[in-house]
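Quick caveat, the model's predicted, so the values are computed rather than measured. Counting starts at 1 for both ligands and their atoms, in listed order.
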Amino acid sequence: MSRARPLVTIDGPAGAGKSTVSRALAARLGFTYLDTGALYRTVALCVLEDPELASSLSEAGIARGVEERLGTLTRGLDIRFGDAGTRVWVGDREVTGEIRTPAISQAASRVSAVPAVREGLLDLQRRLAAEGGVVAEGRDVGTVVFPGADVKFYLTADVGCRAERRAAELRARGVEVDLAATRREIEERDARDEGREAAPLRRPEGAIEVDSGPLTADEVLTRMAMVVRSREGS
Ligand code: DC
């Protein structure tokens with residue numbers, strides 16, 4: 001893939017601060033922000049709105065026979081981003097707020113374990129980043145979607161710290177939260193995102209690992225921006 005401008009990936013577990021940092025990094029560099037989690041969240045929303053498919057989202061995962069239908073649904077969705085990658089539409093319907101609930105987080109983690117859903121979103125992600133000048137965040141952007149990315153980061157923090165941040169974020173949006181429940185949800189999502197067979201969450205080879213625990217978002221951002229600029233100039 002030849003790109004005029006760099007493609008930057010940021011992978012990491014839930015609550016490590018990827019969204020805040022990725023958005024800000026894209027803005028600072030004048031790049032496009034690509035929120036791949038929003039794609040899985042939008043698919044999850046559409047699955048939950050289909051009673052038959054919704055009932056297939058059990059604890060154990062997705063019933064085998066439904067996988068093909070999930071793939072067809074995923075490939076048929078017209079998902080678009082706007083407002084510097086921070087707003088999401090499916091067809092004419094804006095889903096920016098709806099896809100941010102804890103229920104959608106869990107459903108997204110479940111549907112994202114289905115290979116047909118992951119494959120269904122591959123082309124779209126690659127098309128959106130084809131020109132470069134992109135900061136893509138997710139769970140497999142540096143490993144599977146863009147293995148040839150120019151700069152790869154892996155952003156982590158310990159689970160207690162991630163739970164506190166996620167709870168504060170939800171509270172700021174007016175959602176009532178219990179810290180212990182938030183921590184359990186994050187642990188469940190970690191287990192599922194890291195344990196699935198299809199594109200499990202891993203530190204990509206060659207990625208620069210950043211522990212956001214002891215750092216402010218601004219400090220993380222400054223470090224990352226310096227790395228990207230130094231690679232751009234080399
Ligand atoms: O980053 P997020 O919380 O918005 O992601 C929601 C879920 O989507 C996450 O639990 C796993 C899945 N996901 C994925 O499997 N691969 C990605 N590249 C991004 C998200």
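Residue-ligand proximity, Asp193 to ligand 1, at heavy-atom distances under 4.0 Å covers atoms 9 (C), 10 (O), 11 (C). Near Gly37, meaning under 4.0 Å from one of its heavy atoms, ligand 1 places the atoms 4 (O), 5 (O), 19 (C), 20 (C). Close contacts between ligand 1 and Ser109 involve ligand atoms 10 (O) [criterion: under 4.0 Å to a heavy atom].
Proximity of a side-chain donor or acceptor of Asp50 to a complementary backbone N or O of Leu53 within less than 3.5 Å is detected. One N or O on the side chain of Asp11 and one on the backbone of Arg139 form a donor-acceptor pair closer than 3.5 Å.
A donor-acceptor pair shorter than 3.5 Å cannot be found between the side chains of Tyr154 and Arg202.
Ion pair Arg100/Asp35 flagged as a salt bridge, since at least one NZ, NE, NH1 or NH2 atom sits closer than 4.0 Å to an Asp/Glu carboxylate oxygen.
Contact analysis leaves Gln125 out of contact with ligand 1, as no non-hydrogen atom separation drops below 4.0 angstrom. Contact annotation: Arg196 has at least one heavy atom less than 4.0 Å from an atom of ligand 1.
The closest heavy-atom contact to atom 17 (C) of ligand 1, among the options Arg139, Arg41, Arg192, Lys18, comes from Arg139.
By the criterion of a heavy-atom distance under 4.0 Å, both the backbone and the side chain of Asp140 are placed next to ligand 1.
The shortest contact between atom 8 (O) of ligand 1 and any protein heavy atom is with Tyr40 CB, 3.5 Å. The nearest protein atom to atom 16 (N) of ligand 1, hydrogens excluded, is given as Arg118 NH2, 3.0 Å; this is a heavy-atom distance. Shortest contact from atom 19 (C) of ligand 1 to any protein heavy atom: Thr36 OG1, 3.4 Å. Scanning the protein heavy atoms around atom 12 (C) of ligand 1, the nearest turns out to be Ser112 OG, 3.5 Å.
Annotation: Arg189 places an N or O atom under 3.5 Å from an N or O atom of ligand 1; distance criterion only.
Within 6.0 Å of atom CD in Glu209, more than 12 heavy atoms from other residues, nucleotides or ligands are found, so the atom counts as buried in its surroundings.
Cluster partners of Trp89: none. The rule joins Ile, Leu, Val, Met, Phe, Trp and Tyr whenever side-chain heavy atoms lie under 4.5 Å apart, and it links nothing here. The hydrophobic cluster around Leu179 extends to none of the other residues, as no ILVMFWY side-chain heavy atom falls under 4.5 Å of it.
Residues Arg189 and Arg110 are not in side-chain contact: their nearest non-hydrogen atoms beyond the backbone lie 4.5 Å or more apart.
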